[in-house]
Amino acid sequence: MALIVALGAGASVYALMKGDGDNRAGGDPTTSPTADAPTTPGQVTEGPTQPPTTPEETPTDGAIPVKYLGTWTASIDNATGHNTRELTIQQGEVGDTVLSLTADGPAGSGTYHCVFRAELSGAPSAGGPLRIGASEVTVGEPAASCSPGEATELTVLPDGRLRRVNTSNGDELTYTKQG
């Protein structure tokens, strides 16, 4: 088991150090309208047409559900040392820059510091993942250590953590919400 985790972490680190680390949501839950058969003529009991929403699922002033908003952190330990990630999601509409990612860690005889940003690529469906477009590098020190990332999907897991998955290769990293 430890070997599988180590191998998966190693592959993710390579992708994440290049700005490719991402997290995806699992399958989208689906719900369908329900209606009970009338018990007396004219009486119809209808179930909800969509799952009830809670405050953390209801977007305010934008398309992103509140539960995604805020700052999330993760770290990766590999042969080069301890690498940190700080991901911030802000409210916005499709096409707006909503994601900022800061990646720091050891590189060769020094360190790297990369900052990326990315746009919301599609409105999230009820209970579905948050789809983020390819990222661009806004800060790269040294520049050779930072490469734009591919499109990703974000999902808030049942335990409250955030999973980011690269949609092209499946690499993923799980983040913990701060504050």
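Hydrophobic cluster membership is shared by L120 and V156, with clusters built from Ile, Leu, Val, Met, Phe, Trp and Tyr side chains linked at under 4.5 angstrom.
Remark: E93 pairs with no residue by the salt bridge (Lys or Arg N to Asp or Glu O under 4.0 Å) rule, at least two apart or across chains. Not counting sequence neighbours, T176 has no partner by the side-chain hydrogen bond (donor to acceptor under 3.5 Å, both in side chains) test. Residues passing the side-chain hydrogen bond (donor to acceptor under 3.5 Å, both in side chains) test with T111, sequence neighbours excluded: none. Among residues two or more places apart in sequence or in another chain, the side-chain contact (heavy atoms from CB on, under 4.5 Å) test is passed with A134 by none. Partners of R117 by side-chain contact (heavy atoms from CB on, under 4.5 Å), not counting sequence neighbours, listed by chain and number: T97, E136, T138. With sequence neighbours left out, the side-chain hydrogen bond (donor to acceptor under 3.5 Å, both in side chains) criterion links Q178 to T73. Judged as a side-chain contact (heavy atoms from CB on, under 4.5 Å), and not counting sequence neighbours, the contacts of H82 are S75, D77, T84.
The distance from atom CG of L154 to atom CG of L87, rounded to the nearest 0.5 Å, is 6.5 Å. Atoms CG and CG, on L157 and L162 in that order, are 7.0 Å from each other to the nearest 0.5 Å. Note that CD1 of I64 is 6.0 Å distant from CD1 of I132, once rounded to the nearest 0.5 Å.
No donor-acceptor pair closer than 3.5 Å links the side chain of N169 to the backbone N or O of T167. A donor-acceptor pair is defined here as one N or O able to donate and one able to accept, closer than 3.5 Å; no such pair exists between the side chain of D96 and the backbone of V98. Between the side chain of K177 and the backbone N or O of L69, at least one donor-acceptor pair lies under 3.5 Å. Between the side chain of Q91 and the backbone N or O of A63 there is at least one donor-acceptor pair closer than 3.5 Å.
Within the structure, every pair that satisfies the side chain to side chain donor-acceptor pair (under 3.5 Å) test and touches residues 99-109, not counting sequence neighbours, is listed here: D104-H113.
Between P148 and F116, the closest side-chain pair of non-hydrogen atoms is not below 4.5 Å.
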